[in-house]
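What you see is a predicted model; the values in this text were computed from it and never measured. Throughout, protein chains are lettered first and strands after them, A, B, ... in sequence-line order, and every chain is numbered starting at 1.
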Number of protein chains: 2
Amino acid sequence: MSVSLRDVAQRAGVSVKTVSNVVNDFPHVTPAMRERVRRAIDELGYRPNLTARHLRKGRTGLIALAVPELGNAYFAELAAAVIDAAARHEYTVLLDHTQGRREQEVQVCQGFSARVMDGLILSPLELEPEDLAARTDSAPLVLLGERRYDLPYDHIAIDNVAAARVAVRHLLGLGRRRIAFLGARLNRTHQPAHLRLLGWQTELAAWGVPAEEALVATTHGWDHEDGSVAMAHLLDSGQVPDAVFAYNDLIAIGAMRVLFERGLRVPEDIAVVGFDDITESRYGAVTLTTVAPDKQAIARLAVESVVGRLKSAQNAESPRPTRELQPGFTLVERESTLGRRAR
Amino acid sequence: MSVSLRDVAQRAGVSVKTVSNVVNDFPHVTPAMRERVRRAIDELGYRPNLTARHLRKGRTGLIALAVPELGNAYFAELAAAVIDAAARHEYTVLLDHTQGRREQEVQVCQGFSARVMDGLILSPLELEPEDLAARTDSAPLVLLGERRYDLPYDHIAIDNVAAARVAVRHLLGLGRRRIAFLGARLNRTHQPAHLRLLGWQTELAAWGVPAEEALVATTHGWDHEDGSVAMAHLLDSGQVPDAVFAYNDLIAIGAMRVLFERGLRVPEDIAVVGFDDITESRYGAVTLTTVAPDKQAIARLAVESVVGRLKSAQNAESPRPTRELQPGFTLVERESTLGRRAR
DNA sequence: ACCATCTTGTATATCGTTGTAAACAAGGGC
DNA sequence: GCCCTTGTTTACAACGATATACAAGATGGT
């Protein structure tokens, strides 16, 4: 059925270890012997069994990446970047989506598929600090995204407050003064880390513009549909803003759809800014101005963090202290704020 | 460092196997003993090592899913469905993207991360029949998508010809006669399995409408950008169609973007139909009419095929013959063909 | 020639788990 | 009291790979 080192060794008339040495390119094997073993390997079509290798070596070469929802283009694009970054370090990525459910997130950081993974990259939504503090699994864990936990784990996120401020500043600079925020959490007290909303407030305050509570729309999730519902709700309530800053691109695009349906012009009547710079935002009837986090950098830093810790653990070095890493971002200005001149 | 069965056994004063029996809920363990072992497990925080378990059992509980590009919403949404379907059978999914590169696809069907995966689900683009015929890995493999190989592997795809015909019929029924096809392969001779193009031809023929070669636009890939380029090219060439049938939604949306830029109205001047029904197609300024494959069914069938074959292999049954499975599809009619009345 | 040194290959234990078979204890029928 | 049955627990050998320690062979200096 499956060919093992034993079979190859028998065929080549050498010991198992010698074959292992050839496979792993170890020194102290004469060229002649190496060749003989090589031939036996080819003839039998031997392929090493990683399960066994990893049991022995104590590592599996697998990193888990858990994001809330793969259907969200931001996470899909990020996942693609992580897979590529991991491949450069010879790690394979096991991808899961938590659907933003706390229990699933807990399961992930508790080792998920129990001890098969060398490391974990998690983008949490509902995970609470106490879940994280109760973590017993010893594999390196990196956290991505807006939430901060102040626990000894590497955390990678752009400066969300600064990014939101840049977006709002852009709108203020265009003369807009009634800027709605779309996509706040339902229970905002419970979730203090709502940095994009904070950035919105801060920048408005800096310009002396009142931050009207009525212009903050909450959503259940962060999909197109949530954006549409929130936007419709806002308009129906009689609060007509002259600009919208959305939590992400999906919400922004969902909101724009409602504006189109109601005959409101973007950006003439209402300017729109999103967050994430997913591909979709470049191809609508009105292209979307958005904050573009450096996804490549996020992926690279996340993988390097995990791989680095694995390496230092392997060499029995003391691990370096945990860090807050802030990749860059840019504001991409498009038609939803600049109109036709953006082309 | 990590707690093993041995440690638990020592602590509870029993043999390793007894602990194993408790962990696996085997019968013939007295309640008192079970309780004693349970306590030891809790005290030490024991978690089974899946690597070792799987080495022993000969299976890993992992299925690989390889799609061309995760950034393509269709594949991201499909991947999400596969992950969920696999979870229902207690399998975990390892996701990879091949970027449509032949060598990567070959690597995947050759076991990819070598023998760690129990089964494989592959959505090939460039993979050639000879690659597949040369496959030595014995893990069950299922193929998804348009290409057919006529080799003994389960293949899951909707009836692409029929689906394309339904889409084209819809346009013909609306009175359109110059229907362009966007997204043909560059070398169409080399890739005979271009079923959607075939469906376009067939349906036109059935209506006695000439299938003009000039209305077939080739693309390099299948992204928004490819759709934009192809559409611009078509218009610049002086061939102005009254409808467009695109290989997928991304191309359709990219094409619509160009139509917007040039002041052409959708659907009044040019009607557009896509393929895949990704979420994005429901939220543009003009929502997209599209063929909606039953992604849930595709995912379910793929997982069931792999799991079924693993089960029969485990019970040493002879595997059932390979099958062609055709999940259903529907045509979702929206504004890009019906205009405002679609709402 | 002889011993020390270096190179190359082998035998064996080990990683953590489960399957097999055998040991052991308790209970029941004769 | 003995044997058999039933039920519970254990010892030991795998799964396929790598690391350690050691043996055998080659080389070189005296």
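- Nucleic acid contact for A:V29: sugar-phosphate only, since backbone atoms but no base atoms lie under 4.0 Å from a heavy atom of the residue.
- Between A:Y153 and A:R323, the side chains place no donor N or O within less than 3.5 Å of an acceptor N or O (distance only, hydrogens not considered).
- Contact annotation: A:T18 does not reach the phosphate of C:dG9 (side-chain N/O to OP1 or OP2, under 4.0 Å).
- Which of C:dT10, D:dA17, C:dG9 sits closest to the side chain of A:S15 comes down to C:dT10.
- Sequence order on DNA chain D of the closest nucleotides to B:M33 and B:R56 puts B:M33 first from the 5' end.
- Distance, B:E35 CD to D:dT9 P: 14 Å, rounded to whole Å.
- Taking atom CG of residue A:N49 and atom P of nucleotide D:dA14, one finds them 18 Å apart after rounding to whole Å.
- Comparing D:dT10, C:dG9, D:dA17 by their nearest atom to the side chain of B:V14 picks out D:dT10.
- Projected onto DNA chain C by closest heavy-atom contact, B:A52 and B:F26 fall at different nucleotides, the more 5' of which corresponds to B:A52.
- Taking side-chain N and O atoms only, B:N21 has no distance below 4.0 Å to OP1 or OP2 of D:dT9.
- Rounded to an integer number of Å, the gap from B:Q10 CD to D:dT10 P is 13 Å.
- The pair A:R101-A:E126 fails the salt-bridge criterion, with no side-chain N (NZ, NE, NH1 or NH2) lying under 4.0 Å from an Asp/Glu carboxylate O.
- The CG-P distance, from B:D7 to C:dC15, rounds to 10 Å in whole Å.
- Counting any heavy atom pair closer than 4.0 Å across all strands shown, A:T30 reaches sugar-phosphate atoms only and no base atom.
- Counting heavy atoms from C-beta outward, A:V306 and A:Y91 have side chains that stay 4.5 Å or more apart.
- For the pair A:K17 NZ and C:dT8 C1', the interatomic distance rounds to 12 Å; values are reported in whole Å.
- Residue B:S305 comes nearest to B:V142 through the heavy atom pair OG-CG2, 3.3 Å, listed as atom of the first residue, atom of the second, then distance.
- Taking every side-chain heavy atom of A:L55 into account, D:dG16 is the closest of C:dT17, D:dG16, D:dT18.
- Distance A:D25 CG to D:dT18 P: 12 Å, rounded to the nearest Å.
- Close to D:dG16, at under 4.0 Å from its OP1 or OP2, lies no side-chain N or O of A:R53.
- We find that A:D118 and A:K57 are not joined by a salt bridge, their nearest charged nitrogen and carboxylate oxygen being 4.0 Å or further apart.
- Atom CZ in A:R6 sits about 15 Å away from atom P in C:dT10, given to the nearest Å.
- Per the geometry, CZ belonging to A:R59 stands 13 Å off C1' belonging to D:dT18, to the nearest Å.
- Of the residues near DNA chain D, B:H28 and B:K57, the one whose nearest nucleotide (by heavy atom distance) lies more toward the 5' end is B:H28.
- Under the 4.0 Å criterion applied to side-chain N and carboxylate O atoms, B:R102 and B:E128 are not assigned as salt-bridge partners.
- The shortest distance between side-chain heavy atoms of B:L65 and B:L94 does not fall below 4.5 Å.
- Salt-bridge annotation for A:R47 and A:D7: absent, with no side-chain N of the basic residue lying under 4.0 Å from a carboxylate O of the acidic one.
- Within the helix from C:dA1-D:dT30 to C:dC30-D:dG1, the inter-axis angle between the opening and closing five-pair segments is 60°, rounded to 10°.
- If you check C:dT18, C:dG9, C:dG19 against the side chain of B:L5, the one that comes closest is C:dT18.
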